[in-house]
Visitor: 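Submitted below is the structure of interest, expressed as C-alpha cells.
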Amino acid sequence: KVCELLKLPQRVFPLMGICLGYPDQQPMVKPRLPQSAVVHLEEYNDATLAQLLQEYDNTVRATGLYEGAHRKLAAPDGRDVPADYSWTEHSARRAATNNPATLRIHMKNFLEERKFGLE
C-alpha cells in the first residue's frame with residue numbers, strides 16, 4: 001500500500017518510514033545495539049561481538065522488557081521464558097520459528113513482488 005501511495009516503480013521500495021508527532025504518554029525507548037556491533041569499516045570483524053552482545057543483553061534485561069506481564073508474551077515460540085532470558089535468546093527463538101508473525105517472512109514476498117530476484 002505504501003508503494004502504491006508513493007507511486008513507486010518496480011525495483012524501488014521504501015526502507016523506512018518516520019512517524020512524527022507527540023506521544024500522549026512517556027513510552028519506554030528500547031535500547032539499540034551499539035553501532036560497533038553492526039557497523040564494519042572496510043571488512044567484517046566480529047572479534048568483540050560476543051562481548052558486545054552480552055553487554056546489550058544486560059542492557060535490555062535491565063529495562064524489564066522481558067519481565068512481568070511481558071514475560072508470557074516475550075517468547076515467539078511459545079516456550080517458557082527462563083529468568084535469564086535475553087535479547088539474543090529472543091532473536092534466536094524468533095529466527096528458529098515458522099511463525100510468520102515473528103519471522104517477517106512477508107519481507108521476502110514483498111521484495112519478490114518488487115521484482116527483486118532472491119534466488
Side-chain angles (χ1 to χ4, degrees):
K1 292 188 184 236
V2 172
C3 292
E4 291 173 18
L5 178 68
L6 298 176
K7 298 179 181 155
L8 299 178
Q10 295 298 329
R11 292 196 290 265
V12 174
F13 62 93
L15 287 178
M16 72 172 152
I18 298 174
C19 182
L20 301 175
Y22 298 94
D24 63 354
Q25 55 189 331
Q26 288 297 327
M28 179 189 82
V29 177
K30 183 180 172 205
R32 300 290 179 213
L33 275 167
Q35 281 191 357
S36 54
V38 295
V39 175
H40 302 272
L41 302 175
E42 303 298 332
E43 63 182 34
Y44 181 80
N45 181 349
D46 65 356
T48 61
L49 184 59
Q51 176 186 344
L52 292 169
L53 291 176
Q54 180 63 50
E55 291 170 4
Y56 184 66
D57 279 343
N58 293 338
T59 299
V60 173
R61 203 176 287 119
T63 68
L65 188 64
Y66 302 125
E67 297 297 323
H70 300 287
R71 192 170 190 77
K72 291 181 181 177
L73 302 173
D77 59 3
R79 293 186 297 151
D80 288 338
V81 177
D84 63 346
Y85 194 69
S86 63
W87 176 83
T88 52
E89 173 77 13
H90 182 77
S91 298
R93 287 183 181 201
R94 189 173 76 194
T97 183
N98 288 327
N99 182 346
T102 60
L103 189 56
R104 298 183 185 166
I105 272 180
H106 65 281
M107 288 305 299
K108 180 177 186 277
N109 295 336
F110 171 75
L111 292 174
E112 286 173 345
E113 288 171 6
R114 302 302 300 161
K115 304 298 183 205
F116 279 81
L118 300 175
E119 300 168 7

Visitor: Do you reckon Leu41 sits in the same ILVMFWY cluster as Leu33, going by side-chain contacts under 4.5 Å, direct or chained?
Guide: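 Yes.
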
Visitor: Quick one: closest heavy-atom pair of Glu113 and Gln10, and the distance?
Guide: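 Of all heavy-atom pairs spanning Glu113 and Gln10, the closest is O-OE1, 3.1 Å.
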
Visitor: Would you name the heavy atoms of Thr63 and Val60 that are closest together and state the gap between them?
Guide: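 Taking Thr63 first and Val60 second, the nearest heavy atoms are OG1-O, 2.5 Å.
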
Visitor: Kindly determine whether Ser36 and Thr48 satisfy side-chain contact (heavy atoms from CB on, under 4.5 Å), including the steps that lead there.
Guide: CA-CA 9 Å; Ser36 54; Thr48 61; 5.8 Å; no

Visitor: Count I, L, V, M, F, W, Y as connected when their side-chain heavy atoms are under 4.5 Å apart, and connections chain through other members. Are Trp87 and Met28 then in the same cluster?
Guide: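 Yes; Met28 is reachable from Trp87 via cluster members.
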
Visitor: Please report the closest heavy-atom contact between Glu43 and His40, naming both atoms and the distance.
Guide: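 In terms of heavy atoms, the two residues are closest at O-CB, 3.5 Å.
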
Visitor: Out of curiosity, Leu53 CG to Asn58 CG, how far, rounded to the nearest 0.5 Å?
Guide: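 Between Leu53 CG and Asn58 CG, I get 11.0 Å after rounding to 0.5 Å.
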
Visitor: For a quick test of reading the model, state the closest non-hydrogen atom pair linking Arg61 to Tyr85 and the distance between them.
Guide: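 Scanning both residues completely, I find the closest heavy atoms to be NE-O, 3.2 Å.
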
Visitor: Could you measure the distance from the CD atom of Glu89 to the CG atom of Asp84? Nearest 0.5 Å is fine.
Guide: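 Answer rounded to 0.5 Å: 8.0 Å.
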
Visitor: Could you see if Val39 belongs to whatever hydrophobic cluster contains Tyr44? Use Ile, Leu, Val, Met, Phe, Trp, Tyr and a side-chain cutoff under 4.5 Å.
Guide: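 In one cluster: yes.
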
Visitor: Please report the shortest heavy-atom distance between Pro31 and Tyr56, naming the atom on each side.
Guide: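 Nearest heavy atoms, Pro31 then Tyr56: O-OH, 2.6 Å.
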
Visitor: For Val2, which fellow cluster members are found when Ile, Leu, Val, Met, Phe, Trp and Tyr are connected by side-chain heavy-atom distances below 4.5 angstrom, either directly or through intermediates?
Guide: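 Cluster partners of Val2: Leu6, Leu8, Val12.
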
Visitor: Just wondering, are more than 12 heavy atoms of other shown residues or ligands nearer than 6.0 Å to NZ in Lys30?
Guide: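 Count over threshold, so yes.
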
Visitor: Measure across Leu49 and Ala37 and return the closest heavy-atom pair with its distance rounded to 0.1 Å.
Guide: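 For Leu49 versus Ala37, the nearest heavy atoms are CD1-O, 3.9 Å.
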
